[in-house]
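Here is the structure we will look at, set down as structure tokens.
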Amino acid sequence: MPAPESTHATRQPHRTAEGGGNLLRIKAYTELKARILTGDLEPGAFLSERQVAGWLAMSKTPVRAAFERLESEGFITISPQQGVVVRDLSVAEIADHFELRAALECFVVGRLADSKLDAAQRALLDENLDAQQVAIEEGSVQDQIRLDGEFHQLLFRFMGNAELMRVMTQMRERILRVIQRALTRNRERFRTIYPEHRSIVKAIYAGDGKLAAQLMGLHLENGKQTLLLPSRTAAL
């Protein structure tokens, strides 16, 4: 019968076009987000669908979808008055970020101390800490920021909870720009971050979950104060 063959032929291009549209939406989202995270698009920068579509050599439809997703993740603001603007985190949002992190990460290190890490997990943590020390000695700010993030991600990874890892990754991405600005201005903070990490790991290895959670809480409070200091100074 010719009818089924004809139906198949008309449906196939639709699926192909839909798949191509998804790929373009992902590409637009990924490239825009990368430009925001690296600082190429700074807070306060104005964007338009036409402008971004020209950058990426695509139509405005996938760009519009990318804008919607980035707004839902807190990277941009879309308003009828201003249009699309790259946004920064407010002081209140930074404080909220660390409050949530404290709840999650203190829980995580406490559980890891109770469950005991295996040899491979300890080796990864030790390798990260050794690399942090080298980065401090060499004065590499970007390596220190990267290794700091990897340290915290390793702890979440060892929990084996995919949802916790997803939340942690999203939180880190949102605040990364603030971390980069604050730690570039205050490089001495790295010399305290490293021993704080060492102390947390020592408590985990010793199986002291209460101490590990306490040390993580102090570590995150110190981090919050470092990030809020530039904002408070600018407000004076």
Side-chain angles (χ1 to χ4, degrees), residues 30 33-34 37-38 72-75 89 93-138 140-180 182-183 187 189-228:
T30 302
K33 185 175 181 179
L37 292 178
T38 59
S72 72
E73 294 177 359
F75 290 104
L89 292 181
E93 286 174 318
I94 293 172
D96 289 346
H97 167 94
F98 277 94
E99 186 173 313
L100 179 55
R101 277 188 64 183
L104 294 176
E105 297 198 51
C106 290
F107 165 75
V108 166
V109 295
R111 286 290 298 273
L112 292 178
D114 291 340
S115 63
K116 305 292 184 183
L117 298 180
D118 61 33
Q121 292 169 330
R122 291 187 178 216
L124 287 172
L125 277 177
D126 291 342
E127 180 181 352
N128 175 275
L129 290 170
D130 290 343
Q132 286 185 48
Q133 186 175 22
V134 171
I136 290 170
E137 293 169 354
E138 294 179 348
S140 175
V141 174
Q142 289 306 312
D143 281 348
Q144 291 168 60
I145 292 173
R146 174 180 57 81
L147 290 164
D148 170 62
E150 288 177 2
F151 173 82
H152 290 273
Q153 288 177 324
L154 279 174
L155 298 175
F156 275 80
R157 198 171 94 194
F158 295 160
M159 281 288 292
N161 186 313
E163 187 62 16
L164 277 176
M165 191 66 188
R166 182 190 65 80
V167 171
M168 175 63 181
T169 300
Q170 288 185 342
M171 290 173 63
R172 177 76 181 183
E173 287 179 340
R174 279 202 69 198
I175 205 165
L176 181 59
R177 293 166 295 159
V178 183
I179 291 173
Q180 290 172 329
L183 294 182
R187 300 189 181 193
R189 168 61 182 147
F190 288 111
R191 297 194 176 275
T192 55
I193 289 176
Y194 168 67
E196 287 169 10
H197 285 171
R198 281 280 184 196
S199 297
I200 293 166
V201 170
K202 183 178 179 180
I204 292 173
Y205 288 177
D208 193 335
K210 183 176 180 180
L211 178 59
Q214 180 183 7
L215 291 171
M216 178 60 81
L218 291 172
H219 171 62
L220 293 173
E221 178 62 27
N222 290 338
K224 180 179 75 174
Q225 296 305 321
T226 299
L227 266 59
L228 291 179

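Computed from heavy atoms alone, side chains included, the values below leave out hydrogens, waters and symmetry copies.
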Spatial distance of atom OH (Tyr194) from atom CG (Asp130) [nearest 0.5 Å]: 6.5 Å

Keeping the roles fixed (side chain from Arg174, backbone from Glu73), state whether a donor-acceptor pair exists under 3.5 Å. yes

Taking every heavy atom of Phe75 against every heavy atom of Glu173, the minimum-distance pair comes out as CE2-O, 3.8 Å

With the side chain counted from C-beta on, respond yes when Lys202 and Leu211 share a heavy-atom pair under 4.5 Å apart, and no when they do not. no

Identify all side-chain donor-acceptor contacts of residues 107-116 below 3.5 Å with residues at least two apart in sequence or on another chain.
from: Ser115; atom 1: OG; to: Arg111; atom 2: O; distance (Å): 3.0
from: Ser115; atom 1: OG; to: Leu112; atom 2: O; distance (Å): 3.3

Could you state the interatomic distance from CG (Leu164) to OG1 (Thr169), rounded to the nearest 0.5 Å? 10.5 Å

For Asp118 and Phe158, run side chain to side chain contact (heavy atoms under 4.5 Å, CB included): C-alpha distance rounded to whole Å, both residues' side-chain angles, the deciding distance at 0.1 Å, then the answer. CA-CA 10 Å; Asp118 61 33; Phe158 295 160; over 6 Å; no

Any non-hydrogen side-chain atom of Met159 less than 4.5 Å from a side-chain atom of Leu155? no

Starting at CG of Leu215, measure out to SG of Cys106 and round the result to the nearest 0.5 Å. 9.5 Å

Gap between atom CZ of Arg191 and atom CD of Glu137 - 0.5 Å precision: 8.0 Å

Distance in Å, Glu150 CD paired with Glu127 CD, rounded so as to fall on 0.5 Å steps: 9.5 Å

Which atom pairs, donor and acceptor, lie under 3.5 Å between side-chain atoms of residues 96-104 and protein residues at least two apart or in another chain?
from: Arg101; atom 1: NE; to: Glu105; atom 2: OE2; distance (Å): 2.6
from: Arg101; atom 1: NH2; to: Glu105; atom 2: OE2; distance (Å): 2.9
from: Arg101; atom 1: NH2; to: His152; atom 2: ND1; distance (Å): 3.4

Val141 versus Phe190: any side-chain heavy-atom pair under 4.5 Å? yes

Begin from the C-alpha positions of Ile136 and Ile193 and carry the test side chain to side chain contact (heavy atoms under 4.5 Å, CB included) through to its verdict. CA-CA 10 Å; Ile136 290 170; Ile193 289 176; over 6 Å; no

Can you measure from OH (Tyr205) to CZ (Arg122) and round to the nearest 0.5 angstrom? 6.0 Å

Would you call Leu125 and Phe151 a side-chain contact if the rule is heavy atoms closer than 4.5 Å? yes

Check against side chain to side chain contact (heavy atoms under 4.5 Å, CB included), Leu227 and Ile175: CA-CA 10 Å; Leu227 266 59; Ile175 205 165; 3.8 Å; yes

Would you call Asp148 and Arg172 a side-chain contact if the rule is heavy atoms closer than 4.5 Å? yes

Charged N to carboxylate O under 4.0 angstrom, Glu196 versus Arg189? yes

For the side chain of Gln170 and the backbone of Val167, is there at least one donor-acceptor N/O pair under 3.5 Å apart? no

With distance as the sole test, does Gln144 use its side chain to make a donor-acceptor pair with the main-chain N or O of Ser140 at under 3.5 Å? yes

Heavy-atom closest contact (Leu89 atom, Glu93 atom, distance): CA-OE1, 3.3 Å

Is any side-chain heavy atom of Val178 less than 4.5 Å from a side-chain heavy atom of Ile94? yes

